[in-house]
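Before I ask anything, here is the structure I am working with.
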Amino acid sequence: MALDQYYLLGRSGLRVSRLALGTMNFGTGGFHAAYGKTLDETRPIFRKYVDEGGNFVDTADFYTAGESETILGKLIAEAKIRDRVVLTTKFTNSVDPADPNAGGNGRKHMIRALEASLRRLGTDHVDVFLLHTWDRITPVEEVVRTFDDLVRAGKIRYPGLSDVPSWYAARAQSLTEAHSLAPMVNLQLPYSLVERQIETEHVPMAQSLGLGVTAWSPLAGGILTGKYRDGGTGRLSDGPERTPQLLGPLEEVAGKLGVTMAQVAINWVATQPGIAAAIVGASSADQLGKSMAALDFEIPAELRTLLDEASAVPPESVYRMFTPAYQNWIVSPELKIGDKPVGYAPAARNW
């Protein structure tokens with residue numbers, strides 16, 4: 001099982017599994033009640049993950065109205081593995097609609113949200129603390145300063161961002177570098193064979209500035225399992241029109257490799273450039289086991305090309321100027337120019 005292979009998260013020394021356990025369905029409250037699970041139902045899922053070597057667990061104060069954090073805290077305490085787990089939670093969403101400072105990314109709410117999360121999780125710190133969603137108005141300087149204060153206070157180990165514009169993440173990271181603040185190490189975004197738009201700016205920005213991208217919804221809300229082919233709705237079922245044309249090649253690749261469509265889709269995401277981990281959820285330990293097996297095989301180059309071409313997002317507007325075809329035509333015609341030769345920075349592994 002490939003979960004016993006760990007990679008650094010962004011430009012940090014934090015080692016994480018290539019598959020993170022998503023716990024949005026841990027609990028039965030709030031917006032996620034329709035598919036939520038009780039403590040007893042989530043226990044085998046959690047134990048399956050950690051027993052197979054997984055160490056990267058993702059939650060948020062918003063998931064199941066805080067129940068996800070409460071259940072996760074109990075499961076970690078039961079297993080006595082707090083120091084082993086890389087625990088991630090997120091803040092932004094309002095906890096009191098009548099209070100304008102009970103949501104958003106301002107310093108007051110950041111600190112309030114973290115303190116509440118720590119109580120629910122039953123711990124004195126979280127390993128990665130993420131801004132959940134850009135609120136459009138809080139100064140980025142305030143966010144990174146507060147992150148740095150929380151790191152210095154020992155309440156978080158690393159800060160990061162989720163679902164923000166690429167310029168915002170770049171601005172935040174540049175401020176940390178300019179003022180010697182705790183740097184962002186993680187950028188959480190939706191990414192799958194259906195949703196590849198982050199490749200335009202977010203992924204190269206993250207690679208350049210040292211943020212490891214963790215991909216949520218690598219199955220596009222279940223679309224890439226094939227179960228909605230004949231109707232039904234998934235989390236991203238209103239996705240691009242090319243989705244039906246993608247399922248055929250995905251099914252073909254899965255058939256040739258003797259695995260499921262879902263496993264191919266997860267493998268493709270987890271092994272894409274700039275991706276630190278794919279976040280997978282599960283309704284049962286058996287389903288999680290099948291997702292974890294997605295890292296037990298490699299997609300051959302010719303089959304990956306088939307998937308890449310079927311799911312490609314054509315560049316639009318100014319982004320067409322950054323393609324190899326345009327660059328070779330007008331920027332450096334008749335010359336072979338690259339960044340670094342293959343092997344310039346060989347990977348460091350101990351397996």
Side-chain angles (χ1 to χ4, degrees), residues 14 20 22-33 36 39 57-77 82 85-165 168-169 171-173 175-176 179 181-189 211 214 216 279:
L14 186 64
T23 63
M24 191 168 63
N25 65 335
F26 282 28
T28 58
F31 291 99
H32 312 97
L39 171 63
V57 183
D58 179 84
T59 186
D61 61 358
F62 185 62
Y63 295 166
T64 57
E67 285 186 34
S68 174
E69 291 182 326
T70 299
I71 289 176
L72 189 54
K74 291 178 180 178
L75 293 174
I76 292 173
R82 176 63 193 93
V85 169
V86 176
L87 181 57
T88 301
T89 194
K90 302 181 282 291
F91 75 94
T92 293
N93 295 290
S94 177
V95 295
D96 182 358
D99 181 358
N101 288 306
N105 300 323
R107 182 181 183 90
K108 181 177 176 65
H109 179 61
M110 282 184 69
I111 296 173
R112 173 182 182 176
L114 177 62
E115 295 292 352
S117 288
L118 293 178
R119 287 194 296 271
R120 286 189 292 267
L121 289 164
T123 184
D124 62 357
H125 74 281
V126 293
D127 298 295
V128 183
F129 191 45
L130 301 181
L131 177 154
H132 203 156
T133 310
W134 180 46
D135 69 2
R136 302 180 301 149
I137 54 178
T138 304
V140 65
E141 294 86 351
E142 180 174 337
V143 172
V144 296
R145 286 285 185 187
T146 307
F147 269 140
D148 186 69
D149 288 343
L150 293 174
V151 170
R152 292 175 185 273
K155 294 185 177 183
I156 68 175
R157 298 294 184 257
Y158 300 91
L161 306 166
S162 170
D163 301 335
V164 300
Y168 182 93
R171 173 71 172 159
Q173 193 72 321
L175 285 168
T176 69
H179 300 285
L181 305 175
M184 309 296 112
V185 302
N186 187 199
L187 179 60
Q188 193 174 117
L189 297 165
L211 291 90
T214 48
W216 61 262
I279 303 172

Angle class for the Phe62/His132 ring planes (parallel below 30°, perpendicular above 60°, tilted otherwise)?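 Perpendicular.
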
Are any of the side-chain heavy atoms of Leu130 and Leu161 separated by less than 4.5 Å?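 Of all side-chain heavy-atom pairs linking Leu161 with Leu130, none is under 4.5 Å.
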
Quick one: are Asp124 and Leu118 in side-chain contact, heavy atoms under 4.5 Å?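 Not touching, per the 4.5 Å side-chain cut-off.
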
Any Lys/Arg nitrogen of Asp149 or Lys155 sitting under 4.0 Å from an Asp/Glu carboxylate oxygen of the other?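 No, no charged N to carboxylate O under 4.0 Å.
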
State, to 0.1 Å, how close Ala60 and Thr89 come at their nearest heavy-atom pair, and which atoms those are.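 So the two residues come closest at CA-OG1, 3.3 Å.
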
What's the verdict on side chain to side chain contact (heavy atoms under 4.5 Å, CB included) for His179 and Val144, showing C-alpha distance, side-chain angles and the deciding distance? CA-CA 10 Å; His179 300 285; Val144 296; over 6 Å; no

Quick check for you: to the nearest 0.5 Å, what is the distance between Asp163 atom CG and Leu187 atom CG?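 It is 8.5 Å, given to the nearest 0.5 Å.
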
Is there a side chain to side chain contact (heavy atoms under 4.5 Å, CB included) between Arg145 and Leu175? Walk through the geometry before answering. CA-CA 9 Å; Arg145 286 285 185 187; Leu175 285 168; over 6 Å; no

Going by distance alone, is a donor N or O of one side chain under 3.5 Å from an acceptor N or O of the other, for Thr70 and Glu67?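 Not at all, the side chains of Thr70 and Glu67 share no donor-acceptor pair under 3.5 Å.
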
Assess the residue pair Ile71 and Tyr63 against the criterion (side chain to side chain contact (heavy atoms under 4.5 Å, CB included)); give the C-alpha distance rounded to whole Å, side-chain angles, the decisive distance to 0.1 Å, and a yes or no. CA-CA 11 Å; Ile71 289 176; Tyr63 295 166; over 6 Å; no

What heavy-atom pair brings Asp135 and Gly106 nearest, and what distance separates the two atoms?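 For Asp135 versus Gly106, the nearest heavy atoms are OD2-N, 4.5 Å.
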
Quick one, Leu39 and Leu75 - any side-chain contact, counting heavy atoms below 4.5 Å?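 Sidechains of Leu75 and Leu39: in contact.
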
Under the 3.5 angstrom rule, does the side chain of Glu142 hit a backbone N or O of Arg107 as a donor-acceptor pair?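 Side chain of Glu142 to backbone of Arg107, a donor-acceptor pair under 3.5 Å: yes, one is there.
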
Checking Ser68 side chain against Thr23 main chain: does a donor-acceptor pair fall under 3.5 Å?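 At least one qualifying donor-acceptor pair exists.
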
Suppose we screen for side chain to side chain donor-acceptor pair (under 3.5 Å). Which residues come up paired with Asp148, at least two apart in sequence or across chains?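 Expected list: Arg152.
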
Verdict with reasoning, Asp127 to His125, per side chain to side chain contact (heavy atoms under 4.5 Å, CB included): CA-CA 7 Å; Asp127 298 295; His125 74 281; 3.6 Å; yes

From Asn105 atom CG to Leu131 atom CG, the distance as rounded to the nearest 0.5 Å: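 CG of Leu131 is found 3.5 Å from CG of Asn105.
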
Atom CG of Asp61 and atom OG1 of Thr92: how far apart are they, to the nearest 0.5 Å?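 Rounded to the nearest 0.5 Å, the CG-OG1 separation comes to 8.0 Å.
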
Donor-acceptor pair, distance only, cut-off 3.5 Å: does the side chain of Arg119 make one with the backbone of Gly122?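 Side chain of Arg119 to backbone of Gly122, a donor-acceptor pair under 3.5 Å: no, none is there.
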
How long is the gap from CD1 on Ile156 to OG1 on Thr88, to the nearest 0.5 Å?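 Taking CD1 in Ile156 and OG1 in Thr88, the distance rounds to 11.0 Å.
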
Could you measure the distance from the OG1 atom of Thr214 to the CG atom of Leu189? Nearest 0.5 Å is fine.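 Those atoms lie 7.5 Å apart.
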
Determine whether Phe129 and Leu150 make a side-chain contact, defined as any pair of heavy atoms from C-beta on separated by less than 4.5 Å.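 They are in side-chain contact.
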
Any side-chain heavy-atom pair of Lys90 and Thr133 under 4.5 Å: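 In short, these two side chains do not touch, never coming nearer than 4.5 Å.
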
Please report the shortest heavy-atom distance between Thr176 and Ala182, naming the atom on each side.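 Taking Thr176 first and Ala182 second, the nearest heavy atoms are CG2-O, 3.5 Å.
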
Would you mind reporting whether Val57 and Ile76 have side-chain heavy atoms less than 4.5 Å apart?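 SC-SC contact between Ile76 and Val57 ruled out.
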
Hey, is Asp99 close enough to Arg112 for a salt bridge, meaning N to O under 4.0 Å?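 Yes.
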
Salt bridge or not for Arg171 and Glu141, using N-O below 4.0 Å?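 Here Arg171 pairs with Glu141 in a salt bridge, since their nearest N and O are under 4.0 Å apart.
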
Would you check if Phe91 and Met110 make a side-chain contact, meaning some heavy-atom pair closer than 4.5 Å?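 They are in side-chain contact.
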
I need the Arg157 CZ to Leu87 CG distance, nearest 0.5 Å.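 Answer for the CZ-CG pair, Arg157 versus Leu87, is 11.0 Å.
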
Within a strict 4.5 Å, meaning less than it, do heavy atoms of the Phe147 and Leu181 side chains meet?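 In short, these two side chains do not touch, never coming nearer than 4.5 Å.
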
Would you sort out whether Thr59 and Glu69 count as a side chain to side chain donor-acceptor pair (under 3.5 Å), showing the intermediate values? CA-CA 7 Å; Thr59 186; Glu69 291 182 326; 5.1 Å; no

Keeping Thr64 on the side-chain end and Gly66 on the backbone end, is there a donor-acceptor pair under 3.5 Å?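 No.
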
